Amino acid sequence: MIRHLLSAADLDRDTATLLLDTARQLGQALTGREVKKLPTLRGRTVVNLFYEDSTRTRVSFETAAKRLSADVVNFSAKGSSVSKGESLKDTAWTLQAMGADAVVIRHPASGASHRLAGWVDGSVLNAGDGTHEHPTQALLDAYTMRERMGRLDGLRVTIVGDVLHSRVARSNVLLLRTLGADVTLVAPPTLLPVGVETWPARISYDFDAILPKTDVVMMLRVQRERMTDSFFPSVREYSRRYGLDLRRAALLPDDALVMHPGPMVRGMEIAPEVADSARSAIVEQVANGVLVRMAALYLLLSGEKGAE
Amino acid sequence: MVERAHNTPGPSRELLSDADIGRVVDRIAHQILEKTRGARDVTLLGIPTRGVPLAVRLAERIRSFEGVEVPHGALDVTLYRDDLRLRGARPLGPTSVPAGGIDGRRVILVDDVLYSGRTVRAALNALYDIGRPLQVQLAVLVDRGHRELPIRADYVGKNIPTAHSEKVSVLLRETDERDAVVLHGGDL
Amino acid sequence: MNSWLIQNASIVGRETADIAIENGVVTEVGTGLTAPEGARVLDATGLIALPGLVDLHTHLREPGREDAETVESGSRAAALGGYTAVCAMANTSPVADTAGVVEQVWRLGRDAGLVDVQPIGAVTVGLKGEHMAELGAMADSAANVRIFSDDGFCVADPKMMRRALEYVKAFDGVIAQHAEEPALTAGAQMHEGEFSSQLGLAGWPAVAEEAIIARDCLLTGHVGSRLHVCHVSTAGSVEILRWAKSKGWRVTAEVCPHHLLLTDERATTYDPVNKVNPPLRTDTDIEALRAGLAEGVIDVVATDHAPHSSEDKDCEWAAARPGMLGLQTALSIVVKTMVEPGLLDWDGVAERMSRRPARIAGLDGHGLDPAPGVPANLTLIDPAASWTVVPNELASLSRNTPYAQMTFPATVRATFLRGEATVLEGKAQK
């Protein structure tokens, strides 16, 4: 088993499948139980090191760790020495001294989790680093798709929106490709990185043409600030060309799944009516998020301490 | 849950044949009916991997003998094991608790081999996180001795004295090609 | 002790001869020379004698960041790298934008006495690109500044660049441009391409360098001044420079050793020791830069030696300061990337690392092959001895070398500054 989960690229097909299968078994093991807790990681310490506000992700990891009986320490940028300018390396040494078995890190700088992994003995789980990756989000997306669609192999997934700044898109492209899905990216060319042609995904600027050939459409959040930086001229033009409105949603096959990693900008990338139909998947993604994170913690933390 | 080796090298000896296993399962089913007075409040929970098909077989036998439908399911104990830090991550097995749960039920845990007793210890902990059974019993196809915990089985298919160096493999048609109990290794 | 007899050295990779040095000046080059009065004898059999190397682009960090480097520690690293003169960039704190600061740096160099430290003056006050610094005062100072640069920042405003180019004509100055269009590199972290897209690091596109180089070449041609282009890093830049030179414009350019050897794939570790500005680029760029250097389109190799303290490098990539050590590895990397593949001979190395940079910087006593009457600024190289880079053994106060544990050809055995041995047997003499 791998020691850290820094990128979706760390997961080969067998490991990714094992992780999703484990999440599913965990879901079964916890269904209908009186005690929603497993003793698996009793006596192990999991640190949530969050340099960005993300209540949703932090609570999901915290719940996952607690369901496995780990001790959880929340270390957030506010109210800790981080705000006093302590460097990431000094913080790493503190966590090391605390004996952290796993560190879950959310950080605004791409690659921060890679750096941390070089400074601590415990396992590092990337909970989002800058515009790089967010592998557990991709795992929960893949889990949700597999549960809903019954397979990932050959599944046609279309990811739409601000790919350039999206860590979710990067992790999803890598993981979905590993698991055999066909990924198409749809975005205004300004919101695709130079170099995207080397990614294992197709590129399209024509959303309408792609929709009938799509099993899962994932709408990425587009921040309004991008408009002021001339990535596109106006919200109106963006949603006209790349938004998922009712007319476009009707172009999808009947059993297609609409996903959104949230938080949604209604009326921008997704029409309110479509957003509401997509919400069912969003609610189940919360539960799925806990399961895949439990699976990740279980697989990274069982086994000899410090072993590769 | 202890021995799973099907390709263990070295000399091996078949201890129970296909037909033997059929008879042993029949006998355990009869003993359950006898000891629980008709198995009316019994729930069978198999411990993956081979405890699960054994539990299914026992439920089938009980139905054919007395027409009683015994609820049966699977209880994975991997997450309750005490050797996770030593042995590394293992894939989880399925858990499925029959509708109606286990509260107030006479739960019979079913496993293929009883050895150190640690698997049963984990199973007891897992069971009590799911609910509060009236009574817990244990059925195993093979008891090979060498207990490390104060645990004994209520129903034993066959007692097989073994050495630590030996391995006992239970083969079942549901997971393997045939039914057999094989002893490997030992005095080499 | 400035008198020596250096025996059996290969003069710039050619014939083997003895070099006699008296009172800091070469008196004779020939075979079977007798030692001058009181001279020490050094057996240089198997070694190559080169004119002392001259670096057009060194960051010595003093004043302001003496924790990262001082004029003295940087001078020592330079001497160990075979240098006898270095040009100290202006982005110190305070900025070297007045006669006072450049004279201070110049004096610190003279006091250290390991290499000649020639200060570079800032083009604009505080490197801010808004008001021209007192270039004439720096030129007239004891430091005798001839190169002006806002390195670290581009003189982005075309009008400011034009005025600076025009103004320095009065004292035969040269503007050394850090070519980076700032509007195209806001927040940039690495070369824009395959790896930046994967790593989620904001891209530094090649065009941001090329557009400025093209503009500045045109301005230079227009006003008839001198332009020096710092740390050329892209294949496109080489093309533009070739074109500009074909026009007869007075444009020179430098390339850094790291841009001849390392690619942007290095960023995949997220270790900021690989972060540098301009960034590491691609194999295609490396090939074009090597070819351009061989051809002479790129005139010189300059180190862009940029020491940084550990807190500026042991951090997140985006938080790290750009730059890498270069003085002690430059010659070896040129041997590895240019000499070993047959792109340059030793005379070509001397031209690009000593003679040309000395002429661009106006350093009269440097960049001269050993010959009677020439100041004895030279370095002795063992081309057969390879060495492995151990960061803690480098003379710099900082450790930010991207070459840790890499093995390179060619070792500097000795360096002489006006006849005084600053390095002997590979060891600094002070």
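Just so it is clear, the structure is predicted and the values come from calculations on it, not from any experiment. Only this structure's heavy atoms are used, side chains among them; waters, hydrogens and symmetry mates stay out. Chain letters run A, B, ... following the sequence lines, proteins first, then strands; residues in each count from 1.
Ring pair C:Tyr270/A:His132 is perpendicular by interplanar angle, where above 60° counts as perpendicular and below 30° as parallel.
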Derivation and outcome, side-chain contact (heavy atoms from CB on, under 4.5 Å), residues A:Asp129 and C:Glu316: CA-CA 10 Å; A:Asp129 62 328; C:Glu316 305 85 321; over 6 Å; no
For C:Glu194 and A:Trp199: C-alpha separation, side-chain torsions, deciding distance, then whether side-chain contact (heavy atoms from CB on, under 4.5 Å) applies. CA-CA 8 Å; C:Glu194 177 183 358; A:Trp199 292 14; over 6 Å; no
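Residue A:His165: no heavy atom, backbone or side chain, is found under 4.5 Å from chain C. Proximity to chain C (any heavy atom under 4.5 Å) is restricted, for A:Val196, to the backbone atoms N, CA, C and O. Only the side chain of A:Thr198 comes within contact range of chain C, with at least one heavy atom under 4.5 Å from a heavy atom of that chain. For C:Glu311, no part sits under 4.5 Å from any heavy atom of chain A, backbone or side chain.
Other residues, nucleotides and ligands contribute over 12 non-hydrogen atoms within 6.0 Å of the CZ atom of C:Arg215. Remark: C:Glu66 CD is packed, more than 12 non-hydrogen atoms of other residues, nucleotides or ligands lying under 6.0 Å away. When the shell of 6.0 Å around NZ of C:Lys313 is examined, it contains more than 12 heavy atoms from other residues, nucleotides or ligands. Around atom CZ of A:Arg202, no more than 12 heavy atoms belonging to other residues, nucleotides or ligands sit under 6.0 Å away. No more than 12 heavy-atom neighbours from other residues, nucleotides or ligands sit within 6.0 angstrom of CH2 on A:Trp93.
A donor and an acceptor atom, one from each side chain of A:Ser110 and C:Trp317, are nowhere located under 3.5 Å apart.
For the set C:Leu199, C:Thr268, C:Leu201, C:Thr269, the count of heavy-atom pairs under 4.5 angstrom toward chain A peaks at C:Leu199.
Rounding to the nearest 0.5 Å gives a distance of 7.0 Å between CZ of A:Arg115 and SG of C:Cys315.
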